[in-house]
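Report on the following structure.
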Amino acid sequence: MFNLETKIEEFLPTRPKQAEKLKKLGIFAVEDFLWHFPSRYDDLSKVLNISELKPEELATVSGEIIKFGLKRSWRKKISIIEIYLQDETGIIRATWFNQKYLIDIFAKNKNLRLSGKVKSDKNGFYLSNPTWEIAETKPNHTGRIVPIYPETKGISSKWLRWQIENIFRYNFEIEDPLDEEILKKYHLPSLKKAFYDIHFPQSENSYLVAQKRFAFFDMFLIQLRALQIKSRLEGENAVKLKYPEETIEKFISSLPFELTSDQKKAYQEIKKDLDKPHPMNRLLNGDVGSGKTIVAILSALQTAKNGFQVAIMAPTEVLAFQHFKSFSKMLADFDISVGLLTNSYKLVAGTNKKVISHQSSVIERDSKLSESKNSNIKKLIQNSNPSVATDGLKIQNSNLIREKLLAKIKKGSIDIIIGTHAIIQKDIRFKNLALIIIDEQHRFGVAQRSYLQQKISEINDGLPDTIPHFLTMTATPIPRTISMTLLGSLDVSLIAQMPKNRKPIITRMVLPQKQTEIYNFIKEEIKKGRQAFVILPLVEESEKLTDLKAAISEHERLSRDIFPEFKLGLLHGRMKGKEKEAIMLSFKKRELDILVSTSVIEVGIDIPNATVMIIEEAHRFGLSQLHQFRGRVGRGEHQSYCFLFAKTKTDRLNILEKYTDGFKVAQKDLELRGPGEFLGNRQSGLADGTMQNITNIKMIKCASQEAEKIIQEDSNLLSRPALKKQLEKLNQNVHLE
Ligand code: ADP
Ligand code: MG
């Protein structure tokens, strides 16, 4: 005997191998079979008359075996079983290959039900390898709406159907984690009925209703999780950071432009959050180039003016360095010290306010150095980071300096620490870190972020009982419906509009015969003093080497045949960080006219003089990624262009021609591909049926209301063990944010 908790090894004591394989499908205990939902159904419910069959049709017939035999293919050692099945209207042939055991079964059982595709040859209609069932048994594999399950090697849908049928033969009890009241209110079936209907649907409608229940339940769990995270954070302490009105106003008026109203609104929201005694957990979502950095600087300034530290993490050193420069420059008159801490260089830019205010003299000193050929210091600068040397900041390359910087951070004499994830290395100690800003958050792993959130108090010496405020930023536009469901635990600030002066990027699909025209156009732009990007196709892990070769030869071809008069650089994933940055920098310094790059090109890198981009084999990229790429151009005062090289024109790429707004692009992409494709089902861990409903606003709202009620009553779900168990399962398997 078994119950729903029975481990799979006990349930299948004689089949250890199969038990192992089931684990691959996420089936560890009997109950997990029930949660293993079909990925689709074949409607084999209608039993047809043999005389009415049509070729190529998926059909079910039922009848009596009037003749059967075993043949051996004379050429190969294949055994063929052939039977003739008769009903009241006619006779049909059916064959199976290499399944000799069927002989015994067919000898003992006369009446069969068969399902399969109808084929025809010179001898008439036949079924090849049809699914068969003894006619007296309850329809399972034929003669009903048959579920097709996600399979793995050695575990077929047929086998899974047997197991699930077997489980249902025992009258198990299962507690429904959803209250009866909720079920009634939304006309949802109970858990047991929904399980039955999803595995043994009587009609299309019955499995659709079951799917709806499970989708609702998943959304309900997702909302519960979000609310739990929220209420937990509300129970934590954070430093209250007052709004330093005078400073902020001075800063805003020091800007060479006016903030957009979305930027203002986003900061208003952050400003209020920072002034609360509980940690902020906010996402700043704004398209590439929408001006998120300023909002980050405002938040950092508010924190630093209150006497607390800020950590800013960027996904790459290039971006960290870029932020370091923006922050240092824009905060130069505000008596704030900014430090850069990255990993691979082992170099540290310990700029305090004095160094920053001497920035120009450092540049001067640099130029003097090269004149006086003070080789020692020159070498030091060259060895460290070329970008640093030319940007004239005082940088020293030594572990000693790193230690000095770490000491300053620990002492609290650095207010804003910028870096990559190296910031969370164990040797760092903060004096009083009160705000963490993460740029391009989607590129950080869940693990890194939760490490930060949980462990930060251990390395935050002066503030042992608080949690820092959290601001994450992403340039991936997230449609509102998706963010409502999937980012529920975060408050979201949107920057939907671009700064006024921006010229929309002109985007065009380009067919092969028109490529020369585009190359000529680029030549004209370069002659005008502009620069260009050529983006090469996606690098899949498996084809990295071939793609690398392709990238190298494309760079050669472009240099030799197309643009011999210009200077081209190549950037690819096999390069070391330092090499990449050197190339990026010489492009930025206009030593290169064209940068040929694989998809490793940094999101967020700012090169205003680059106005043209070609994306080769554009059809190989997702729309959002294409949109991110094109955000590399259009950052300066000049009109910019993006050319999508493709073999044929497609509706999908047309979306990019039509819309320059990343939120629109994302919304259209979502509509075109559906939520599953858009988000990548497999990654999220959610069931297909849930995915299909993920943009169902009505459902999300209802689920959210119900979740709220429960959290208010019992936020830790102590009185609801069944629900708690399902939530734990979700926490383990589903990763959304
Ligand atoms: P992203 O949101 O992609 O991080 P950035 O913060 O790098 O965008 O901003 C892109 C560019 O726009 C920067 O050069 C920045 O100085 C400029 N910028 C930001 N806000 C405004 C504004 N309100 N008006 C004009 N330019 C702005
Ligand atoms: Mg940015």
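Residues take their numbers from the sequence shown, with the count starting at 1. Counting starts at 1 for both ligands and their atoms, following the listed order.
Contact annotation for Asp287 and ligand 1: only backbone heavy atoms (N, CA, C, O) come within less than 4.0 Å of the ligand.
Close contacts of ligand 1 with Leu259, meaning ligand atoms under 4.0 Å from a residue heavy atom, involve 23 (N). For ligand 1, the atoms lying closer than 4.0 Å to a non-hydrogen atom of Glu258 are 22 (C), 23 (N), 24 (N). Set against the non-hydrogen atoms of Thr260, the atoms of ligand 1 under 4.0 Å away are 23 (N). Set against the non-hydrogen atoms of Val288, the atoms of ligand 1 under 4.0 Å away are 3 (O). Residue contact check: Thr293 has heavy atoms under 4.0 Å from atoms 4 (O), 5 (P), 6 (O), 7 (O) of ligand 1.
Between Phe251 and Phe334, the ring planes are perpendicular. Angles over 60° get that label, and only those under 30° would be called parallel.
Below 3.5 Å of separation, one finds no N or O of Pro499 facing any N or O of ligand 1. Checking only distances, Phe257 never comes within under 3.5 Å of ligand 1, N or O to N or O.
Here Tyr641 and Phe521 bring their ring centres to under 6.0 angstrom of each other.
The closest approach between any non-hydrogen atom of Gly289 and ligand 1 is below 4.0 Å.
For Arg652, the CZ atom is densely surrounded, since the number of other residues' heavy atoms within 6.0 Å is greater than 12. Open room surrounds NZ on Lys272; 12 or fewer heavy atoms of other groups in view lie less than 6.0 Å from it. A 6.0 Å sphere centred on NZ of Lys523 holds more than 12 heavy atoms belonging to other residues, nucleotides or ligands.
Salt bridge Lys264/Glu269: absent, no basic N to carboxylate O contact under 4.0 Å.
Remark: Leu283 CG to Ile478 CD1 distance equals 5.5 Å, nearest 0.5 Å.
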